[in-house]
Amino acid sequence: MTNANAYPASQSIHTIGILGGGQLGMMLAAAALPLGYRCVFLEDTPNAPAHLYGKVYSTQQLDEFVAAADVFTLEFENTPVKTVEYLKQLSEQGEKQGIYPPPQALKVSQDRLQEKSLFNELNIKTVPFMAVSSKQEIEQACEQLGLPLVLKTSRGGYDGKGQFVIKTLADIDAAWADLGEAVTGNGELTPTPAPLIAEGFIHFSREVSIIAVRGQDGNIRCYDLVENYHHQGVLAKTQAPAVGARHLLAQAKNAISAIMNHLDYVGVMTLELFVSKDENGKDTLLANEIAPRVHNSGHWSMEGAVTSQFENHIRAVVGLPLGDTDNIKPSIMVNILGQYPKVSEVLAIDGSHYHTYHKTEREGRKIGHITLMPSDVADLDNALSQLVNVLPNKVGLDK
Ligand code: AMP
């Protein structure tokens with residue numbers, strides 16, 4: 001599409017305000033600079049990675065942050081919706097150039113019940129689920145959905161936190177004590193929306209995700225389907241593209257496009273999916289959740305795709321044409337968790353790319369990532385074995 005009117009904003013935007021200042025904000029800022037844009041951040045954590053990449057304002061300094069930027073985006077999905085609504089209002093009054101993604105996308109992504117209900121409304125398959133807000137309702141869910149059952153807080157969980165797998169009816173008390181009472185406070189129930197979601201436990205074969213970007217003109221470009229390997233709920237490794245998953249790509253593209261169009265989304269979105277079997281025993285995808293932002297499972301795109309997820313997000317936010325999302329060649333992205341390896345040992349591996357987040361070491365913390373893209377694709381597994389040898393923390397890399 002070459003309609004110049006579709007890109008009205010870019011000429012008057014100089015500074016992008018990012019809600020959040022973690023590594024995602026840092027990598028967005030690094031992608032914005034070559035395009036001519038500077039970033040400022042709203043972030044309370046001292047020494048957050050973004051400090052190296054632009055001015056960081058605390059949430060107490062919201063007015064100064066707003067004054068410093070022309071257009072806004074976010075890198076953290078637990079950003080308060082009211083802040084995003086305020087920025088949207090300023091934009092509608094003509095004082096700012098917009099906030100992307102829009103508040104409705106953030107709202108949906110912050111509530112698992114709303115999110116899965118929307119998927120089903122759009123004919124996107126999910127695991128069977130129910131809203132539950134008392135022990136009695138959990139019992140009913142066990143009857144209707146069967147055991148095992150995954151109980152999750154509808155709001156506020158991340159990286160597998162706020163979840164309990166109920167294996168037998170005897171687990172209900174412990175699950176309620178862990179999630180229900182913690183959420184509602186001494187068993188007092190929050191009426192609607194129900195604070196917990198009960199999901200049928202799915203015996204999926206693989207976990208995959210798709211990342212797509214939607215521009216201000218409604219144009220959508222999708223990256224390839226990738227496969228994700230988690231350790232205790234935290235992403236350890238992403239293989240891009242997912243091997244032997246071509247037959248699922250159209251289903252994933254249709255699902256994420258439907259969600260983006262419905263939400264009038266602008267920017268990068270991630271959809272996490274399970275690979276399961278349909279009633280005929282054929283592979284199918286079940287949508288688990290969206291992230292309204294750039295995502296860890298898309299870091300490979302910095303080297304592995306023609307245009308990275310970070311650059312494409314910035315292009316969408318400022319109203320520039322989107323870039324090609326094709327793969328350059330297959331890659332594997334590995335997270336650095338807890339402890340840094342020696343950079344020289346990592347870079348001695350053919351086709352390795354090292355990214356530090358400038359964070360202090362702490363057990364289990366995501367402090368960087370490495371992308372492997374050897375010149376000969378046949379060397380990919382070998383490069384991974386070499387990397388595992390030099391990583392101090394190898395958790396989740398054994399499969
Ligand atoms: P989530 O916070 O929903 O992304 O869940 C974290 C992890 O728990 C997922 O990556 C899955 O490995 C697992 N999981 C989540 N929901 C289910 C489910 N309904 N059945 C089986 N495993 C699940």
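We count ligands from 1, going down the list as the structure has it; atoms in each ligand are counted the same way. If you're wondering where the values come from, they're calculated on a predicted model, not measured in any experiment.
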Requested in this report: Take every heavy atom of Gly162, measure it against each atom of ligand 1, and state whether any distance is under 4.0 Å.
Outcome: no
Report task. Could you establish whether Phe129 and ligand 1 come within less than 4.0 Å of each other, counting only heavy atoms on the residue side? Result ->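 Contact check Phe129 vs ligand 1: negative.
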Query raised in the report: Backbone or side chain, does any N or O of Val127 fall under 3.5 Å from an N or O of ligand 1?
Result: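 It does not: no N or O of Val127 is found under 3.5 Å from an N or O of ligand 1.
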Requested in this report: Would you check the N or O atoms of Glu272, main chain and side chain alike, for any that come under 3.5 Å of an N or O of ligand 1?
Outcome: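 Such a contact does not occur with ligand 1.
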Side chains of [X] and [Y], donor plus acceptor under 3.5 Å:
| X | Y | answer |
| --- | --- | --- |
| Thr45 | Glu43 | yes |
| Thr238 | Asn296 | no |
| Asp324 | Thr307 | no |
| His313 | Tyr100 | no |

Report task. Could you tell me whether Asp70 and Lys96 make a salt bridge, using a distance below 4.0 angstrom between a side-chain N and a carboxylate O? Result ->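 Judged by the 4.0 Å cut-off on N to carboxylate O distance, Asp70 and Lys96 do not form a salt bridge.
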Query - Separation of Ile197 CD1 from Ser117 OG (nearest 0.5 Å) - result: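 Rounded to the nearest 0.5 Å, the OG-CD1 separation comes to 7.0 Å.
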**Report entry** Distance in Å, Thr126 OG1 paired with Asn120 CG, rounded so as to fall on 0.5 Å steps
**Finding:**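 Answer for the OG1-CG pair, Thr126 versus Asn120, is 4.0 Å.
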Query raised in the report: Of the non-hydrogen atoms in Pro292 and Leu106, which two are nearest, and what is the gap between them?
Result: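 Scanning both residues completely, I find the closest heavy atoms to be CG-CD1, 4.2 Å.
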Check each of [options] against [atom] and report the one with the nearest heavy atom.
| atom | options | answer |
| --- | --- | --- |
| atom 21 (C) of ligand 1 | Thr153, Leu149, Ile202 | Ile202 |
| atom 8 (O) of ligand 1 | Gln163, Lys152, Arg112 | Gln163 |
| atom 19 (N) of ligand 1 | Glu199, His230, Lys116 | Glu199 |

Any idea which atoms of ligand 1 are less than 4.0 Å away from a heavy-atom of [X]?
| X | answer |
| --- | --- |
| Glu207 | 9 (C), 10 (O), 11 (C), 12 (O) |
| Gly200 | 18 (C), 19 (N), 20 (N) |
| Asn288 | 1 (P), 3 (O), 4 (O) |
| Phe204 | 12 (O), 21 (C), 22 (N) |

**Report entry** Side chain, backbone, both or neither: Val150 near ligand 1, heavy atoms under 4.0 Å
**Finding:** side chain
Query raised in the report: Which part of His203 is near ligand 1, with near meaning a heavy atom under 4.0 Å away: side chain, backbone, both or neither?
Result: neither
Report task. Report the relative orientation of the aromatic rings in Tyr357 and His299; use parallel for angles under 30°, tilted for 30 to 60°, perpendicular for over 60°. Result ->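 Perpendicular.
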